[in-house]
Amino acid sequence: MNDGKQAPVAVVGGGPMGLAVAYWLARAGRAVTVYEAGPVVGGMSASFDFEGTAIERYYHFICTPDRPLFELLDELGIADRLRWRRTRMAYYYQGRVHPWGDPVALLRFPHLSPWEKIRYGLFALAATRRRDGAGLERRNAVQWLRSWLGERAYQRLWQRLFELKFYHFTDNLSAAWIWTRIRRVGRSRYNLLQEKLGHMEGGSEVIMNRLQEEITRLGGEVRVLSRVDEVLMEQGRVTGVRVGDETFAHQTVVSTVPTPYVSGLMPGLPEDIRARFERINNVAVVCVIAKLTRSLTGNFWLNVVDEDMDIPGLVEYTCLNPLGGAEHIVYVPYYLPGDHPLYREPDEVFFERVIRYLATINPALAAEDVLAIRASRYRHAQPVCEPGFRDKLPPIDLPVDGLYAADTAYYYPEDRGISESADLGRRIAEMVLEAGR
């Protein structure tokens, strides 16, 4: 083992959840070291320099129900960096942009019958007001939506969105997981007619950097470019981690890396637990980011239902966060199974498609209006949450003394987000502290 400073707790992964675990442990007086494989902390919340604009690789937004995040911001002393803004969403359907997301937009949408509009309105109201998803846990999302909306409305508004994000997993999604997504955004409003979303002034890296600073100030350590290759175990308990050719002693290890990596990272786990991790499916993402001279549609969120476009939607981020400049930033995510042939294509293939799609949606957009375009890839971006998904997850407190593991799949039925990272990170820290007592 390395003779340097040994920390009793190792946190593998420096994304939002890993940093939250480390922060709460350090705040409670525990020595902790974070091992992050990349050059900076943040994971999917990390930022990069996009031709002079500091921007997140993957879009993030904040909703009014995100209370664990608000508590963390207060704790870190950066709640004053939170900004709220009126936003809009729309559907691109049959060659036109249609407003969406409020009763007036629903009534004016020309591609549903009056009865279908009534059914959709009742569905949106019921989903937003529903208190918990217990009755939806084992229900199939597609069947649930069809039962509320009818077959034609489902096909027009939801089917293609599902198929272009989950492909062959589409018919095996949890209704509880879909419901929480609808409820979270549905409750984030100024009023019935006006959506309200938030962002951090300076981006999500403000939160990540502040967490890193506080961990260090409290005596912890954050090591970047330190990929953990193996969690070491002997006689049923954790002994440390291996980073390249070096080993470091630790009494406790918390892994926050994507679940598909856990089996290889922890060969000493019991075989039945490793098999449960391996059965969790994920889809990958290629997220294209374009910088434009003009606004695309003026809508933050645009669902896309068009047979000639293989994207489920896009995010015009500067409708939420203007970034203080004249440029407009658009995220266009391609969600794909990791073994899909398109995922292996070079970035230029995606760039050509995205530029063509943007010009189709807004014909006034010319080639010279595209100032810059980039792509980021994440192999395990979105867990596939099946009916009964909670019962399929291995326990966070694994059957090896001192070993814990979780990733965004454990936010279920909530979706991925920094607020969920903050919440689960604190709960895992409490589990570690309780075990120490």
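- Note that CG of Asp229 and CZ of Arg242 are 4.5 Å apart. Values are rounded to the nearest 0.5 Å.
- When all heavy atoms of Ala422 and Ala20 are compared, the closest pair comes out as CA-CB, 4.2 Å.
- Residues passing the side-chain contact (heavy atoms from CB on, under 4.5 Å) test with Ala28 are Leu433, sequence neighbours excluded.
- Once rounded to the nearest 0.5 Å, the distance linking CZ of Arg57 with CD of Glu205 reads 11.0 Å.
- The closest side-chain heavy-atom distance from Ile280 to Pro260 is not below 4.5 Å.
- Interatomic distance, Arg160 CZ to Met309 CE, rounded to the nearest 0.5 Å: 10.0 Å.
- Between Asp171 and Asn140, the shortest heavy-atom contact is O-ND2, 2.7 Å.
- Residues Thr87 and Lys196 bring no donor and acceptor atom of their side chains to less than 3.5 Å of each other.
- For Phe162, the ring-ring contact (aromatic ring centres under 6.0 Å, His included) partners two or more places apart in sequence, or in a different chain, are Trp158.
- Centroid-to-centroid, the aromatic rings of Tyr58 and Tyr331 stay 6.0 Å apart or farther.
- Between the side chain of Asn303 and the backbone N or O of Tyr91 there is no donor-acceptor pair closer than 3.5 Å.
- Of the charged side-chain nitrogens involved, at least one lies within less than 4.0 Å of a carboxylate oxygen, so that Arg83 and Glu201 count as a salt-bridged pair.
- In this structure, a donor-acceptor pair under 3.5 Å is present between the side chains of Ser174 and Tyr412.
- Taking the charged nitrogens against the carboxylate oxygens, Arg427 and Glu430 have no contact shorter than 4.0 Å, which rules out a salt bridge.
- Looking only at side-chain heavy atoms (C-beta outward), Arg374 and Phe48 come within less than 4.5 Å of each other.
- In this structure, Thr318 contributes its side chain and Ile329 its backbone to a donor-acceptor pair below 3.5 Å.
- Side-chain polar atoms of Ser263 and Glu278 form a donor-acceptor pair below 3.5 angstrom.
- With sequence neighbours excluded, the residues satisfying side-chain hydrogen bond (donor to acceptor under 3.5 Å, both in side chains) with Asn299 are Thr297.
- The shortest non-hydrogen separation linking Ser204 to Ile418 is OG-CD1, 3.5 Å.
- To the nearest 0.5 Å, atoms CG (Leu398) and CD1 (Ile396) are separated by 9.0 Å.
- A donor-acceptor pair under 3.5 Å links the side-chain atoms of Ser188 to the main chain of Thr64, judged by distance alone.
- Judged by distance alone, the side chain of Lys291 and the main-chain N or O of Glu327 form no donor-acceptor pair under 3.5 Å.
- At least one donor-acceptor pair under 3.5 Å links the side chain of Thr180 to the backbone N or O of Pro413.
- For Tyr343 against Ala284, the heavy-atom pair with the smallest separation is CE1-CB, 3.5 Å.
- With sequence neighbours excluded, the residues satisfying side-chain contact (heavy atoms from CB on, under 4.5 Å) with Asp401 are Arg237.
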Pair up each side-chain donor or acceptor in residues 70-77 with any protein partner under 3.5 Å, not counting sequence neighbours, and list the distances.
from: Glu75; atom 1: OE2; to: Tyr23; atom 2: OH; distance (Å): 2.8
from: Glu75; atom 1: OE2; to: Arg27; atom 2: NE; distance (Å): 2.3
from: Glu75; atom 1: OE2; to: Arg27; atom 2: NH2; distance (Å): 3.1

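- Proximity of Val305 to Leu157: side-chain heavy atoms (C-beta onward) are nowhere separated by under 4.5 Å.
- Between His380 and Tyr261, the distance separating the two ring centers is shorter than 6.0 angstrom.
- Screening Thr293, Leu292, Thr53 for a side-chain contact (heavy atoms from CB on, under 4.5 Å) involving Leu371 leaves a single residue, Thr293.
- In this structure, CZ on Arg379 lies 7.5 Å from CG on Asn282, to the nearest 0.5 angstrom.
- A donor and an acceptor atom, one from each side chain of Glu163 and Thr170, are nowhere located under 3.5 Å apart.
- Counting heavy atoms from C-beta outward, Val12 and Val253 have side chains that approach closer than 4.5 Å.
- Partners of Arg390 according to the salt bridge (Lys or Arg N to Asp or Glu O under 4.0 Å) rule, which considers only residues two or more places apart in sequence or in another chain, do not exist here.
- A donor-acceptor contact shorter than 3.5 Å links the side chain of Glu36 to the backbone of Gly38.
- Scored by the side-chain contact (heavy atoms from CB on, under 4.5 Å) test, Gln382 finds Lys165, Phe166, Trp177, Val283, Tyr335, Asp415, Arg416 as partners (sequence neighbours excluded).
- When all heavy atoms of Ile215 and Leu19 are compared, the pair lying nearest together is CD1-O, 3.6 Å.
- The residues Arg184 and Asp66 are annotated as salt-bridged, a charged nitrogen and a carboxylate oxygen being separated by less than 4.0 angstrom.
- Between Glu213 and Thr216, the closest side-chain pair of non-hydrogen atoms is not below 4.5 Å.
- Between Pro258 and Asp407, the shortest heavy-atom distance links the atoms CA-OD2, 3.4 Å.
- A salt bridge links Glu386 with Lys392; the closest basic N to acidic carboxylate O contact falls under 4.0 Å.
- Leu336 has its side chain out of reach of Val285: every pair of non-hydrogen atoms, C-beta onward, lies at least 4.5 Å apart.
- To the nearest 0.5 Å, atom SG of residue Cys385 and atom CZ of residue Arg181 are 10.0 Å apart.
- Defined by atom type and a distance below 3.5 Å, a donor-acceptor pair is present between the side-chain atoms of Ser421 and Tyr411.
- Under a 4.0 Å N-O distance rule, the pair Asp347/Arg377 qualifies as a salt bridge.
- Of the N and O atoms on the side chains of Asp310 and Tyr334, at least one donor lies less than 3.5 Å from an acceptor on the other residue.
- In this structure the side chain of Leu173 never reaches within 4.5 angstrom of the side chain of Val142, judged on heavy atoms.
- Not counting sequence neighbours, the partners of Glu316 by the side-chain hydrogen bond (donor to acceptor under 3.5 Å, both in side chains) test are Ser295.
- Using a 4.0 Å cut-off between charged nitrogen and carboxylate oxygen, Arg183 and Glu414 count as a salt-bridge pair.
- In this structure His60 satisfies the ring-ring contact (aromatic ring centres under 6.0 Å, His included) test with no other residue, sequence neighbours excluded.
- Here His340 pairs with Tyr167 under the ring-ring contact (aromatic ring centres under 6.0 Å, His included) rule; sequence neighbours left out.
- Between His250 and Tyr35, the distance separating the two ring centers is shorter than 6.0 angstrom.
- With sequence neighbours excluded, the residues forming a side-chain contact (heavy atoms from CB on, under 4.5 Å) with Arg139 are Leu136, Trp144, Ser147, Ala175, listed by chain and number.
- In this structure, Arg88 fails the cation-pi test against Phe300, since its NZ or CZ atom is not both closer than 6.0 Å to the six-membered ring centre and inside 45 degrees of the ring normal.
- Gln235 CD: 12 or fewer foreign heavy atoms inside a 6.0 Å radius.
- The side-chain hydrogen bond (donor to acceptor under 3.5 Å, both in side chains) check on Trp100 picks up nothing, with sequence neighbours excluded.
- Within the 4.5 Å cutoff, the side chain of Pro39 has heavy atoms near those of the Leu225 side chain.
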